[in-house]
Amino acid sequence: MGGRVMAALSYARAINAALAEEMRRDERVWMMGQDVGRMGGVFGVTRGLMEEFGALRVRDTTINETFIVGGAAGAALAGTIPVVELQFADFLFTAGDEVFHKLAKWRYMHGGAFEMPVTLRLPTGLVGGAGAEHSQSLEAFGMHVPGLKVVLPATPADAKGLLKTAIRDRDPVLFFEHKGLYRVKGEVPDGDDVLVPFGQAAVVRPGADLTVVATGLMVGRALEAAQALAAEGIELEVIDPRTLVPLDMETILASVERTGRALVVHEAVRTAGAGAEIAAQISERAFFALDAPVWRLGALDTPIPQDPELEQLVIPNVDAIAGAARELRAL
Amino acid sequence: MTTATLPDGLDHAGLVELYRQVVTIRAAELRLRRHVEEVGFGGFWHPGIGQEGLQAAAVAAMEPRDRLFYAHRGLGYAYAKGMSLDLLFGDLLGRVTGSTRGKGGGTVHFADPELGVMGQGGTLGSNFVLGAGTAVASQLLGDGRVTVVFFGDGAAARGTFHEAGLQAAVWKLPLVWVCENNGWAISAPIAEQSPTRDIADRAAAYGVPGVVVNGQDPLAVFAAAHEAVARARAGEGPTLVEAKTLRIRGHFEGDRQPYRDDLTNPDEIPDDPVPKLRALLGDDGRADALDEGARAEVEEAFDRALAAERPDPSVVLRDVWADG
Ligand SMILES: Cc1ncc(C[n+]2csc(CCOP(=O)(O)OP(=O)(O)O)c2C)c(N)n1
């Protein structure tokens, strides 16, 4: 980051900073959601924004997901740039028509007559006992419906830089921010202009023996697994795609060409998850470089249990990632 | 002269223009019916015949800068808001001359943001929340625009009606709802769709005015819409206008309606708004000229649409993203 001033910020504060900077930069940017104003959001992410920007630009809505998303769609059609928060990503289903039809297709159906610059902020993943309808990882749904961009930041710096890019993007963006990462701190470069582009994967750890493609919370776990395996002499290369639509397959394929092995890890249910798409593309496009089949790790095919200990059994942990990498390396 | 009987906001010139629009929309409806009968149609046509008067009158109560979300029945709203027949027929016939450049052919996807024609989704009731959204934008930008959302009595059942209604009322959005209650939702009569006779009763739940008018009387519709638009523009919030009308034809053109026993002569339009408006024009001979002009305009535009090209296959991949 070439001499840039860095500040240690939590993932939540990084998102807050991105929102504030973009609202200062462009008067057309505004926000709404349940409890985002007076309370500052149920996870505290939007704290202070209503004080700075007023109750017209930071709006507390009723409990009303179809309006929150559909209203944002309408407001985007009418020349503003809405950033809206659903309290939990799971509520994508409560606003299914608005997300998968209105945001995704309005531009297409009307022959390009409209723009749809909406950013949907979606707290995703496990948070510790939130239960089956408040803990899901639904990013694959966004990938499966053309017209939506899908973003999954794993670090505070990426959260800030990707959110700023999302707000400036002219297409609808599903921005999955991980609830379990909100308090994690990291170095975030200062400056209004520091954007993280879409469609550029990050090689978060170079390694020669095996490519691990991980998203969201799993990026940190994959790094921990890599550390453990390094002690055994196995070097994992860890890649975080950061955006699933657009998806930077080039970086992933280049890595697999070098390592000959790939493991894809995500927190979402393994069946028909994003990993299935990534694994299929690796198999199609780098088959002759592979020394072993592409493996996937994801959540078990079960709803997330309410109990904070049980829920952890459902998603991949560091040991599972290390174990799979070790086995795959030995194939 | 009939000026004394005209509602606030409508002068004689406005009345003449309203008549011209209504007879043009009627002629377009009939031309489309003929096309379906003779050739068939690449998609469904939901005729708006008999509802032209209310559609054009409600739009006449709007300013050019105002926005509308239309319902799926007919093309009256879009034409009245200023879209040309070339664009509308082009869309209906899937030609490159349509507003969607040959992409979104069919009833539901006319669009012209400059004219405030904001399009429509294929899922009924999606317009409620989108329309509330454009109204939020107007409130934020202070642009003085009002949004009018048209919908049928059937669509009023969607949860989006409630979610948009509640939020719009709480925020006093510059919004007007116009319910075209034609008594049917495909095969379901209104009595099976609503516990109350009037959809407008639901406005009370949101603390906003609900008004019932005779949808076959364009002046009554104009008066109610004009007041509602003024109220919305003044920051007093939304109004629900319910226009009682009739579904003259099937749900789509070609629907034989075995579920209906109230059918009379399909070429007769009960309480037809056209002769009513015509009587108001007076006998200066202008009506005949307007009728003739409308028929000619429609025939020529339809022929141009028929002669226009179908889109290049590459359009299927266009407009997914802003940059492609
Ligand atoms: C969400 C949704 N459900 C069902 C349909 C299928 N559908 C199309 S039109 C229609 C009836 C609409 O009735 P109404 O709103 O009263 O309008 P009308 O056709 O009478 O003008 C139905 C059920 C749809 N398009 N969208």
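Just so it is clear: chains get the letters A, B, ... in the order the sequence lines come, proteins before strands, and each one is counted from 1.
- Distance check, rounded to the nearest 0.5 Å: CD of E163(B) to CD1 of I68(A) gives 8.5 Å.
- For R145(B), no part sits under 4.5 Å from any heavy atom of chain A, backbone or side chain.
- Interface summary for chain B: among T66(A), V69(A), D97(A), the most heavy-atom pairs under 4.5 angstrom belong to T66(A).
- Crowding of E52(A) atom CD: a count of heavy atoms from other residues, nucleotides or ligands under 6.0 Å exceeding 12.
- Open room surrounds CD1 on I63(A); 12 or fewer heavy atoms of other groups in view lie less than 6.0 Å from it.
- The structure places OG of S126(B) at 7.0 Å from CD of E98(A), a figure rounded to the nearest 0.5 Å.
- Among R28(A), R107(A), M32(A), the residue making the largest number of heavy-atom pairs under 4.5 Å with chain B is R107(A).
- Comparing T160(B), T123(B), V315(B), T147(B) by heavy-atom pairs within less than 4.5 Å of chain A, the highest count is held by T123(B).
- Nearest heavy atoms, R170(A) versus A322(B): CB-CB, 3.6 Å.
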Derivation and outcome, ring-ring contact (aromatic ring centres under 6.0 Å, His included), residues Y108(A) and W321(B): CA-CA 8 Å; Y108(A) 184 84; W321(B) 306 113; over 10 Å; no

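- The contact list for residues 127-141 of chain B toward chain A, using heavy atoms and a distance under 4.5 Å, reads N127(B), V129(B), L130(B), A132(B), G133(B), T134(B), V136(B), A137(B), Q139(B), L140(B), L141(B) by residue number.
- I81(A) does not touch chain B: none of its heavy atoms, backbone or side chain, sits under 4.5 Å away.
- In terms of heavy-atom pairs under 4.5 angstrom with chain A, the leader among M118(B), E114(B), H162(B) is M118(B).
- Using a 4.5 Å cut-off between heavy atoms, V245(A) touches chain B through its side chain atoms alone.
- Interface check for chain A: of the options V170(B), D143(B), D112(B), V316(B), the most heavy-atom pairs under 4.5 Å are formed by V316(B).
- Ranked by heavy-atom pairs under 4.5 Å with chain A, the list A168(B), G159(B), G119(B), A164(B) is led by G119(B).
- There is no contact between K105(A) and chain B, counting heavy-atom distances below 4.5 Å.
- A pairwise comparison of heavy atoms in F114(A) and A111(B) identifies CE1-CB, 3.5 Å as the closest pair.
- The shortest heavy-atom contact between T61(A) and W171(B) is CG2-CH2, 3.9 Å.
- In E133(A), the CD atom is not crowded: 12 or fewer heavy atoms of neighbouring residues, nucleotides or ligands sit closer than 6.0 Å.
- Side-chain atoms of Q167(B) come within 3.5 Å of backbone N or O of T62(A) as a donor-acceptor pair.
- Taking the side chain as every heavy atom from C-beta outward, F110(B) and H110(A) never approach each other to under 4.5 Å.
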